[in-house]
Amino acid sequence: MNVYDSGRMADVLAPLGYVMTASPEAADMVILNTCHIREKAAEKVFSELGRLREVKAARGARGADMMIAVAGCVAQAEGEEITRRAPFVDIVFGPQTYHRLPEMVARVGRTRASRAGRKGARVLETDFPVEAKFDELPAETASQGPSAFLTVQEGCDKFCTFCVVPYTRGAEYSRPVADIVAEARRLAGAGAREITLLGQNVNAYHGAGGDGRDQGLGNLVRALADIEGVERIRYTTSHPRDMDDGLIAAHGDVEALMPFVHLPVQSGADRILEAMNRGHGVEEYLRIVDRLRAARSDIALSSDFIVGFPGESDAEFEGTMALVRQVGFAQAYSFKYSPRPGTPAATLTGQVPEPLKAERLARLQELLGRQQDAFNEASVGATVPVLLERGGRKEGQLVGRTPHMQAVHVAARAENLGRVVPVQLTKALPNSLAGEIAETMGSGAAEAASTGRAFA
Ligand code: SF4
């Protein structure tokens, strides 16, 4: 979502004459668009700000005009602290206020021009404005290439006890269907063949349709699938609680909706899921997986896991291992629990010792890694549609993705860039596959995926 937001910030600043530049040394303005999810996020921002301060100083008198801004969730959560510890920062703004960037830039300019401004100028905008940010944004100016992001939903009302998102992105908000369709048309017109719908709780989407009634993500996907040029639709990140019948049905009958779902489960123990305030249990998660597979047999799953949540016992961790074995994941992201200041779990008793967390994570990652390898190996020999998205490291090579999100290195001419082409998968590499362009699409994709499920 930050990649998408950064592009929209560039759109907002374009009328002021700003264009993207490759390095901070050449920039009139640097915006650090930050994420608060990973550990020590704030410290990383301060260390990057220290580097930017040196860049600014090295430019001497010309550097005085350079603006430094901090955006995103760290700005939202640590705004006051940033202005205190880094007074050379000109603008600090949260993820819900970037449509106001031109106004903030103008305010810095005015303050600098005034006598008081010579000592520094700061703008802090970390409120959640009532007006909808998306209504204020201009149409996108930059093409995102063959695979594009499109934010359809933001914010979260779920308040998982380990997570900062509800505090930094605010309450759930869904954009109207018509606005999303219009943006998707523009993206397709600019060459996007795949659109990934974004939202912190993307399947909690409930935007107003043409008749004024709320529509779920399943209906939104159906509307987008009708757009000429849109060949692939994905969405992330979804919550098990919001995996409704309409979306599951869409997986069964919308061909453009890719057979790959990122569905975070976090833990395989009911007591831990309750302590996390996830709002579902293990059985419920497994039922959703079964329903998805019943709707589309070649569906592959990825997930997020947190090990060592406060109070997690050996038996509860084994529950996570058992769930992984039972489901079989094509990919996954797994982390040791680490407290986020201000979240309820940060102050829970029973914090798990670091060495135990590390040991559990190593075991889980070993299992997940084996599953991913097995999934990729089971795909070898199949001929599948691959969207070629970018050039590879080697001359004459393009890199794309299969319907199951596997990265594939393909020997292909540059004119194939941006196209969906049949590729025979020839070899499984660490974290990716190699393939060759084939004459026609085979029927092996579904077989490969269903074989991949039996790998635990
Ligand atoms: S549902 Fe996702 S974004 Fe919302 S609080 Fe839980 S982990 Fe965070």
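In this text, all values refer to a predicted model and were calculated from it rather than measured experimentally. Here, residue 1 is the first one in the sequence, and each next residue gets the next number. Read the numbers this way: they start at 1 and go in the same order the structure lists the ligands and their atoms.
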- Message: Measuring only between side-chain heavy atoms, which start at C-beta, is D253 closer than 4.5 Å to R222?
- Response: yes
- If we only count heavy atoms from C-beta on, is the E312 to R360 side-chain gap below 4.5 Å? yes
- Query: Under 2.8 Å from atom 6 (Fe) of ligand 1, which protein atoms of type N, O or S occur, listed by chain and number?
  - Reply: C160 SG
Partner residues of [X] under the side-chain hydrogen bond (donor to acceptor under 3.5 Å, both in side chains) criterion, sequence neighbours left out:
| X | value |
| --- | --- |
| Y235 | H251 |
| E284 | none |
| R390 | none |

- Note on the structure: Heavy-atom nearest pair, V282 first then A269, reads CG2-N, 3.8 Å
